[in-house]
Amino acid sequence: MIHIKSDRDITLMKKAGNIVRDTLNLVGSLVKPGVSTKYLDKKAEEYILNCGAIPSFKGYYGFPATLCISINNEVIHGIPSDRIIKDGDIVSVDCGANICGFHADAARTFPCGNISEEASDLIKITEESFFQGFKYAKEGNRVGDISSAIQEYVESNGYSVVKAFTGHGIGRELHEAPEVPNFGKKGFGALLKKGMALAIEPMVNIGTEHIRVLDDNWTVVTQNGKLSAHYENTIIITLDGSEIITL
Ligand code: MG
Ligand code: MG
């Protein structure tokens, strides 16, 4: 069942959205060679708690941290650790926060120091693919309109979309219906209605879409060992287009 948000719900979701946006901006400013992923996680957690919010991911199915931090060939769900970020790494940071019972969820891929041209193009196309999909996020369209626009843009630029994980509805739960895949067909999928809240999140690989999960049972990596990038925002469907609440 897809939950339609009331005006009050949306006001609260926007509060959560602002906190997630500001946390990601803070973390982005701290991504530098020599910093551990655990340090970034600690700073994010402190910031979210200081805002009177709760990190959405910590404890979710047992996830042990506030942020998912996924470096280079890691796609999503990387666990913060003593790992030190190096010059040339690309660092995907996924963050969720809950305030007054509502979640927002967003992700960015940050460059650390000087990254390769290939890495920088991957980050750019991943981010742009979100906005290609977002164009179709309006009342009367279907989820497949968003999905197919993302897929088409990514593939026409020579990359592949991860299919094993998807975007999602969001609200009182971190993950709600409907699923928002990064692949699909125009005109198919759930009908978009005013008041729906969605997390749209392209995960884009160099080479094939295939992934595997590491022995920690969380970290998703590319099967070919090549780079992957992630970009996500929470959006609210309105009558005339839509609103991004985590930007
Ligand atoms: Mg996320
Ligand atoms: Mg998400």
Side-chain angles (χ1 to χ4, degrees), residues 2-3 5 13-14 16-28 31 37 40-41 44-45 47-48 53-71 74-80 90-99 102-110 123 126-127 129-131 133-134 137 143 146-147 150 161-184 189-190 196-205 211 213 218-220 228-237 242 244-247:
I2 298 176
H3 296 284
K5 276 71 187 178
M13 287 197 72
K14 284 181 178 172
N18 287 342
I19 294 167
V20 168
R21 173 200 64 204
D22 294 344
T23 306
L24 286 170
N25 287 342
L26 169 68
V27 171
V31 169
T37 54
L40 299 178
D41 188 67
E45 179 167 6
Y47 184 81
I48 291 170
I54 301 163
S56 301
F57 302 166
K58 201 167 189 178
Y60 189 73
Y61 290 101
F63 189 77
T66 290
L67 301 176
C68 298
I69 304 182
S70 311
I71 300 176
E74 296 172 350
V75 180
I76 47 168
H77 301 168
I79 302 173
I90 64 169
V91 184
S92 296
V93 178
D94 197 343
C95 178
N98 176 332
I99 192 157
F102 284 89
H103 297 272
D105 182 11
R108 309 278 180 260
T109 298
F110 299 113
I123 291 173
T126 303
E127 188 172 325
S129 74
F130 166 89
F131 290 95
F134 177 67
V143 166
I146 299 173
S147 305
I150 292 171
V161 287
V162 172
K163 295 179 176 147
F165 295 90
T166 68
H168 49 93
I170 181 168
R172 287 192 180 277
E173 302 295 332
L174 180 60
H175 295 117
E176 297 185 354
E179 283 194 348
V180 184
N182 297 305
F183 63 97
M196 282 173 56
L198 304 176
I200 301 175
E201 51 177 312
M203 291 151 258
V204 178
N205 290 358
I211 51 98
V213 180
W218 279 108
T219 314
V220 175
S228 185
H230 187 200
Y231 185 82
E232 174 181 31
N233 283 303
T234 297
I235 68 145
I236 309 282
I237 304 289
S242 288
I244 301 174
I245 64 164
T246 47
L247 202 57

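Whatever order the structure lists them in is the order used to number ligands and atoms, beginning at 1. Note that this is a predicted model, so its numbers are computed, not measured.
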Quiz item: For Asn233, which of Arg108, Glu201, Glu127 qualifies under side chain to side chain donor-acceptor pair (under 3.5 Å)?
Solution: Arg108
Quiz prompt | Positive for side-chain contact (heavy atoms from CB on, under 4.5 Å) with Glu232, one of Thr126, Leu24, Asp94, Ile200 | solution = Asp94
Quiz item: Which angle, to the nearest 10 degrees, do you find at the Mg ion (ligand 2) between OE2 in Glu232 and NE2 in His168?
Solution: 110°
Practice problem: Starting from the Mg ion (ligand 2), look over the N/O/S atoms of Glu201 and name the nearest one. | Solution: OE2
Practice problem: Over 60° means perpendicular and under 30° means parallel, so classify the ring planes of Phe131 and Tyr231, tilted if in between. | Solution: tilted
Self-check item: Metal proximity, Asp94 vs the Mg ion (ligand 2), N/O/S cut-off 2.8 Å
Solution: no
Exercise. Name whichever N, O or S atom of Asp105 ends up nearest to the Mg ion (ligand 2).
Key: OD2
Self-check item: Distance (rounded to the nearest 0.5 Å) between Ile79 CD1 and Ile69 CD1
Solution: 11.0 Å
